[in-house]
Amino acid sequence: ALIDDLIKKNHNVIAISPKDIYFDESSKILRQKGVLLKGFSYHRKGTNLFKIFEEIISIVKLLLELKPDIVFPYTFKVVFITSCSSLILKKFSKFKKFKLIGMITGLGEAYPSVRDSIFSKFKIFLIIKVYKFAFSSIDSLIFQNKDDIEYLTKLKSLPKSIKVNCVSGSGVDLNLFPFKQITEKKSFLMICRFIKKKGFKEYIDAARIIKHEFPNVNFKLAGTFDKRKDAITQKELIKLCQMNKVEYLGNLKNVLKELHLCQCFVLPSYYREGIPRVCLEALACGRPIITTNSVGCRETVIEGYNGFLVSPKDVNALAYKLKKFINISFDEKKIMSQNSYLYAKKRFDVEKINKLILNILLN
């Protein structure tokens with residue numbers, strides 16, 4: 001939607017993304033809009049310095065080739081490597097200067113938690129210094145929640161020269177994810193990447209607790225797999241779902257269909273999110289949400305209005321809120337459903353979000 005808005009304003013847009021399994025399909029879709037998609041070297045996970053340098057050089061080459069006026073990197077790591085590329089290019093006085101604005105869609109594990117050991121504290125000290133140095137080439141940063149701004153400010157990772165902005169996530173297209181009234185069939189849905197901090201294990205464990213008392217309640221789980229150390233294999237997940245009577249849906253091509261079929265969307269994540277896009281899509285469809293009272297996730301729920309918040313990593317607390325939702329009347333669920341849609345329309349409508357982003361990009 002942001003690309004479409006830029007095109008409508010007669011700007012020439014070139015997209016850059018990793019050459020992953022979605023590259024060819026994305027290229028075809030963008031080509032129909034008149035947008036060229038270029039690939040760059042990217043490793044989703046890892047702190048290998050040689051691979052990071054390879055990524056930085058890949059971006060440098062593209063910037064030298066494309067000579068853009070504005071560069072808009074998305075997600076923390078891509079913002080970091082692009083800002084490093086910008087620092088390199090600034091050494092070349094003849095290179096055309098560009099405006100660099102980064103979108104931080106959550107910190108994830110970019111900043112490890114502080115531990116007691118001297119080595120860990122020294123490592124965190126170095127990380128903070130490296131990020132602050134890299135960010136010195138950025139004109140402006142856009143965050144998706146105020147928690148991340150406060151956290152980086154406290155760590156003194158943000159140079160004083162940077163303009164800091166905050167928008168409510170990436171927004172959701174209310175036309176692509178239309179509201180649909182919930183049915184009386186009691187069912188929960190979770191969609192995520194299958195890594196530990198997304199909370200899929202807590203969801204499965206809570207489902208086991210609930211099904212002892214409510215055997216007819218349906219629990220569904222869908223998502224994609226990762227190659228990280230804290231990820232689970234497809235074989236392991238299928239076995240876990242079968243043992244606990246959770247329906248595994250695989251990697252959904254039609255997310256909308258399953259969102260419309262569920263009564264309530266669940267995301268017990270304790271990953272440092274921006275604002276989870278899947279929660280925004282669930283809101284737009286009019287689905288009450290049960291999620292964690294943690295960074296990013298809590299932005300999508302007003303307690304008791306359109307869902308419930310639970311403490312991170314707390315299976316019993318999650319089971320309690322699942323049971324609470326099951327036990328409220330269908331009329332109360334319908335009110336929550338309507339409230340989710342109204343909240344999405346008021347705060348997360350992609351047209352409103354993009355208007356803010358365009359104003360930052362173009363002014």
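Being a predicted model, the structure only gives us computed values, none of them experimental.
- The pair R347-E299 counts as a salt bridge, with a side-chain nitrogen and a carboxylate oxygen less than 4.0 angstrom apart.
- Note on K33 versus D4: salt bridge recorded, some NZ/NE/NH1/NH2 to OD/OE distance being below 4.0 Å.
- R193 pairs by the salt bridge (Lys or Arg N to Asp or Glu O under 4.0 Å) definition with D226, not counting sequence neighbours.
- By the 6.0 Å and 45° rule, R272 stacks over the aromatic ring of Y151.
- Hydrophobic cluster of Y22: the remaining members, joined at side-chain heavy-atom separations below 4.5 Å, are I21, listed by chain and number.
- By the 4.0 Å N-to-carboxylate-O rule, D5 lies too far from K355 to be salt-bridged with it.
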Donor-acceptor list for residues 322-330 side chains, cut-off 3.5 Å, not counting sequence neighbours:
residue	atom	partner	partner atom	Å
K323	NZ	E213	OE1	3.1
K323	NZ	E213	OE2	3.4
N327	ND2	K323	O	3.3
S329	OG	E332	N	3.2
S329	OG	E332	OE1	3.1

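- When hydrophobic residues (I, L, V, M, F, W, Y) are linked wherever their side-chain heavy atoms come within less than 4.5 Å, the members clustered with I101 are L2, I3, L6, I7, V13, F23, L30, V35, L37, I70, F72, Y74, M103, I142, V167, I353, L356, I357, L358, I360, L361, L362.
- Between G199 and Y270, the closest heavy-atom pair is CA-CE2, 4.2 Å.
- In this structure C262 satisfies the side chain to side chain contact (heavy atoms under 4.5 Å, CB included) test together with S187, L189, R287, sequence neighbours excluded.
- With a 4.5 Å cut-off between side-chain heavy atoms of Ile, Leu, Val, Met, Phe, Trp and Tyr, the cluster of L87 takes in F133.
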**Request:** In sequence, state the C-alpha distance, the side-chain angles, and the governing distance for F188 and Y203, and then conclude on ring pair (Phe, Tyr, Trp, His ring centres under 6.0 Å).
**Result:** CA-CA 10 Å; F188 296 95; Y203 175 75; 7.7 Å; no

